[in-house]
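One structure is given here, and the rest of the page talks about it.
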2 protein chains.
Amino acid sequence: MRTNPERRTALVDAAIEVLAADGARGLTFRSVDVAAGVPNGTTSNYFANRDDLLLQAGLRIHDRLGADPAHLDQPPSTEFLTSLLQLLQQRLTKDRTGYLALLELRLEATRRPTLQEALTKKVRENLDENIRLHQEHGLPGDPLLLYLTVGGYMLEQLTLPGVLPDGLLEKVIRQLAGSTPV
Amino acid sequence: MRTNPERRTALVDAAIEVLAADGARGLTFRSVDVAAGVPNGTTSNYFANRDDLLLQAGLRIHDRLGADPAHLDQPPSTEFLTSLLQLLQQRLTKDRTGYLALLELRLEATRRPTLQEALTKKVRENLDENIRLHQEHGLPGDPLLLYLTVGGYMLEQLTLPGVLPDGLLEKVIRQLAGSTPV
DNA sequence: ATCACAGTACTCTGCTTGTAGTGGTTTACC
DNA sequence: GGTAAACCACTACAAGCAGAGTACTGTGAT
């Protein structure tokens, strides 16, 4: 088992690429080798088995998607809320790979208790953080309702982008900003 | 290419089971043979290739999930809306297999334009029907907003059931029933 | 008797895994 | 500053497995 940290994260990132591109079906040691541009057998040397690789990818994804707190130093208003969600929409196109990989992992977690446990923990932390920030900034609308709606929107746009009408997210957000918390 | 219709749909149903249980990764001709309890090679004889099989599964799923209009002859009220969504929650546990398979197919559609096209058509039809019924019955709330929220809820419950607090759907629905259409 | 299908069995192909082995580079220690 | 040890990149290979596809036989219905 090799330990070189740079190469390790490079491999995990490559695994995320593979997940998004070819799904869990395409994730093999060899395909990660290829995606990372390293010789055959390298991923074998760094991870005990496929489960291990999936788990690492699941943890890493949240680091990649979560890290971007720069935009939070803004006035707590409805304007802010919409701008924050436009930002989310930007991310959805920019970091499509990461979100798709996360979806694949969620599905895979259905069959892997260990992965499910780890993902549940991470996703819940993320949700709690969302709620905390929402309340801390005194933002309008119910954070849980927002979370669900945005989640549904992302699923739809990621997998079947032709279904929803254009500009829906903005309209929806405008509605939600007017509703009161549970 | 064999044509026996009963066996054909039995194979497609088996394919849906396999999708939910093992994901797209596990969907092979042989695994469908096993799930359907037929001899090896049978699925090969009935479908040209994997793409074909996936497409058939995608079309069939909507028949399985959609057919249940009995509950629609009820008074158009907020009460009705909540009861209808409780029914959805029941379905989520009863027909978990179908919904999971649909999720897998959505992900797979990312890589298969033909499948994506077919699914987009079906899902959009479903959405349009939802909207139509919603308006026809004069139900409260915005149907698109409902659609997104319920979609997000379903994704969460299907893949990481430990994340959301109990009874959330009801609370959320109550909120949404009070909001006005876009 | 013919046709369509169920079921069996077999081959071929490709992919994946895991590891052994070699050579190079860095680190530590004298 | 030179040597030894540890670590790692990379190559190459052996072995196994799974899946696809198909040819063949038997059977029941028309």
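Since the structure is predicted, the reported quantities are computational estimates derived from the model, not experimental observations.
- With contacts defined as side-chain heavy-atom distances shorter than 4.5 Å, the pair B:Leu139/B:His137 qualifies.
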Distances under 3.5 Å only, N/O to N/O: pair up the protein atoms with those of nucleotides 20-26 of chain D.
unit_1: D:dA20; atom_1: OP2; unit_2: B:Phe29; atom_2: N; d: 3.1
unit_1: D:dA20; atom_1: N7; unit_2: B:Arg30; atom_2: NH2; d: 3.0
unit_1: D:dG21; atom_1: N7; unit_2: B:Arg30; atom_2: NH2; d: 3.3
unit_1: D:dG21; atom_1: O6; unit_2: B:Arg30; atom_2: NH2; d: 2.5

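- In plain terms, the two heavy atoms of B:Gln175 and A:Asp142 that are nearest each other are NE2-OD2, 2.7 Å.
- Between D:dC8 and A:Arg7, no contact under 4.0 Å exists linking OP1 or OP2 to a side-chain N or O.
- Taking atom CG on A:Asp22 and atom C1' on C:dC15, their separation rounds to 14 Å, with Å as the unit.
- By the rule that hydrophobic residues join a cluster once side-chain heavy atoms approach within less than 4.5 Å of another member, B:Leu11 and B:Leu59 end up as members of separate clusters.
- Whole-Å rounding puts the B:Glu6 CD to C:dA4 P distance at 17 Å.
- A salt bridge is defined here as a Lys NZ or Arg NE, NH1 or NH2 lying under 4.0 Å from an Asp or Glu carboxylate O, and A:Arg111 with B:Asp22 fails to meet this definition.
- An OP1 or OP2 oxygen of D:dA9 is reached within less than 4.0 angstrom by a side-chain nitrogen or oxygen of A:Asn4.
- One can place CG of A:Asp33 at 12 Å from P of D:dA9, the figure rounded to the nearest angstrom.
- Judged by distance alone, the side chains of B:Asp33 and B:Thr42 never bring a donor and an acceptor atom under 3.5 Å apart.
- Within the 4.0 Å cut-off from OP1 or OP2 of C:dA4, not a single side-chain nitrogen or oxygen of B:Tyr46 is found.
- Counting non-hydrogen atoms of other residues, nucleotides and ligands closer than 6.0 Å to CD of A:Glu117 gives a total of 12 or fewer.
- With distances taken from any side-chain atom of B:Thr3 to the nucleotides C:dT8, D:dA9, C:dC5, the minimum falls on C:dC5.
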